Protein chains: 2
Amino acid sequence: MDVKSLCLGVLALGDASGYEIKKQLEEGPLAYFYRAGFGSIYPALNKLSEEGLVTYTEMPQEGRPGKKVYSITEQGRAAFRKALRKKPGPDKIRSESMFMLFFAEFLEPERRRDVYEEYLSRFHSIIECMETVDLSEEMPGRRFAHELGLALYRSIADFMEANRDIILDGDPKAAVAAE
Amino acid sequence: MDVKSLCLGVLALGDASGYEIKKQLEEGPLAYFYRAGFGSIYPALNKLSEEGLVTYTEMPQEGRPGKKVYSITEQGRAAFRKALRKKPGPDKIRSESMFMLFFAEFLEPERRRDVYEEYLSRFHSIIECMETVDLSEEMPGRRFAHELGLALYRSIADFMEANRDIILDGDPKAAVAAE
DNA sequence: GCGTCCATGTAAATGGTTACATGATTAT
DNA sequence: ATAATCATGTAACCATTTACATGGACGC
């Protein structure tokens with residue numbers, strides 16, 4: 001499941017440029033379990049185009065660099081369906097913040113608190129952002145991903161709100177606040 | 001945050017061989033937000049050893065290949081502390097199962113159900129496994145990671161148990177069951 | 001004047017997975 | 001017999017990140 005399949009998937013939902021694919025990835029529900037940068041999207045689109053899985057139309061714009069709008073071909077759809085038939089591998093997660101909190105004992109109390117609060121506030125921002133979008137009109141798959149993501153992030157935020165004591169014990173500021 | 005830092009972290013908690021590091025990664029709470037295979041661990045340990053961040057003692061065993069038990073050096077500890085001072089990047093997640101469920105409309109109903117149930121049952125297995133371990137004696141960071149992981153997996157499993165209808169609508173078997 | 005959004009791309013470097021190679025022991 | 005556990009490692013391949021390069025429009 002590489003960036004190529006990802007592009008194919010996004011294009012199966014509608015035509016888009018590389019730039020727009022990235023935006024959908026950052027803003028849509030896909031964001032919660034996949035990400036990719038320009039450095040991987042543009043080469044992926046070029047390869048897909050060489051393989052005949054997508055086509056594109058150059059659209060010159062006034063005062064803008066011309067954009068390339070990609071469309072998936074019938075072969076592309078077949079390739080995408082084939083990719084979806086493969087057995088999904090295990091989830092791959094890599095969280096530097098959690099890595100640091102795991103080794104909390106090696107961090108000074110202040111630094112520990114900073115990492116904790118910054119991580120938590122990131123979840124709050126994401127949740128806030130997710131709550132504003134209306135997906136009732138969307139396809140079930142996208143709604144499912146969005147709602148699962150929301151449930152997931154809420155449970156992390158709730159857990160972190162309620163369990164600061166596990167890790168932030170011995171924090172001088174916490175001690176002061178408790179007086 | 002690469003495999004080198006990961007090895008350094010594990011070794012900061014106690015001496016271990018490459019094989020044991022991998023086991024800790026699979027079994028311990030670190031598993032929920034980091035993973036690595038032999039192909040990355042062994043080269044990482046060799047590099048760390050070249051850089052003087054770890055040392056090792058070869059321990060020949062009867063009827064077994066000799067194991068190399070690695071220890072972190074003072075320089076290694078310093079390097080690890082330095083790595084922990086860097087600003088943590090955003091979480092990286094890649095879930096092929098969620099990718100497929102996102103594009104549920106492109107899957108036949110039966111295949112959709114299989115992916116769903118297999119994904120859900122993986123979470124059930126993990127939760128079951130996590131519930132049996134006792135971490136009350138462990139350091140706070142590890143307890144935190146374990147408990148957050150458990151809360152997280154439970155919320156995913158609960159959500160999926162309760163929201164099959166979002167995606168599995170139109171599944172012929174569900175229709176039969178509903179009669 | 002500065003930052004951000006739009007818009008594309010390349011090249012080098014990094015990093016990781018997969019497959020292979022070896023081999024004894026223990027449990028089913 | 002067969003698979004799993006213990007135990008290490010290399011080489012080829014694959015994918016991704018990062019940094020660079022370009023450039024106009026628009027808001028503050």
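Keep in mind it's a predicted model, so treat the numbers as computed, not measured. Chain identifiers are assigned alphabetically (A, B, ...) following the order of the sequence lines, protein sequences preceding nucleic acid strands; residue numbering begins at 1 within each chain.
Distance NZ (A:Lys67) to C1' (C:dC5): 12 Å, rounded to an integer number of Å. Protein atom CD of A:Glu96 is 12 Å distant from nucleotide atom P of D:dT17, rounded to whole Å. In this entry the distance linking NZ of B:Lys92 with C1' of D:dT18 reads 12 Å, nearest Å. Atom NZ in A:Lys22 sits roughly 15 Å away from atom P in C:dG9 (whole-Å rounding). To the nearest angstrom, C1' of C:dC6 lies 16 Å from CD of A:Gln24. Going from atom CG of A:Asp2 over to atom P of D:dT17 covers 12 Å, rounded to whole Å.
With D:dA15, C:dG9, C:dT8 as the candidates, the nucleotide lying closest to the side chain of A:Tyr19 is C:dT8. In this structure, of D:dT16, D:dC6, C:dC6, it is D:dC6 that holds the atom nearest to the side chain of B:Lys23.
Side-chain N/O atoms of B:Arg94 include none lying less than 4.0 angstrom from OP1 or OP2 on D:dA15. In this model, the phosphate group of C:dG16 is not approached by any side-chain N or O of B:Arg35 to a distance below 4.0 Å at OP1 or OP2.
Classification of the B:Tyr56-B:Tyr70 ring pair by plane angle, with boundaries at 30° and 60°, yields tilted. Note: B:Tyr34 and A:Phe99 have tilted aromatic rings, judged against thresholds of 30 and 60 degrees for the angle between ring planes.
Taken residue by residue, residues 38-56 of chain B places heavy atoms nearer than 4.0 Å to DNA chain C at B:Gly39, B:Ser40.
Between B:Lys87 and A:Glu96 there is no salt bridge, since none of the side-chain N atoms of the basic residue sits less than 4.0 Å from a carboxylate O of the acidic one.
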Pairs under 3.5 angstrom only: tabulate donor-acceptor contacts from the side chains of residues 114-124 of chain A to other protein residues two or more places apart or in another chain.
unit_1, atom_1, unit_2, atom_2, d
A:Tyr116, OH, A:Met160, O, 2.8
A:Glu117, OE1, A:Arg164, NH2, 3.0
A:Glu117, OE2, A:Arg164, NE, 2.7
A:Glu118, OE1, A:Arg122, NE, 3.3
A:Tyr119, OH, A:Ser95, OG, 3.3
A:Tyr119, OH, B:Asp91, OD2, 2.6
A:Ser121, OG, A:Glu118, O, 3.1
A:Arg122, NH1, B:Gly89, O, 3.4
A:Arg122, NH2, B:Pro88, O, 3.2
A:His124, NE2, A:Glu161, OE2, 2.7

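Annotation: side chain to side chain contact (heavy atoms under 4.5 Å, CB included) contacts of B:Tyr42 (sequence neighbours excluded): B:Tyr19, B:Phe38.
Note that the CZ atom of B:Arg112 and the CD atom of B:Glu105 stand 6.5 Å from one another [nearest 0.5 Å].
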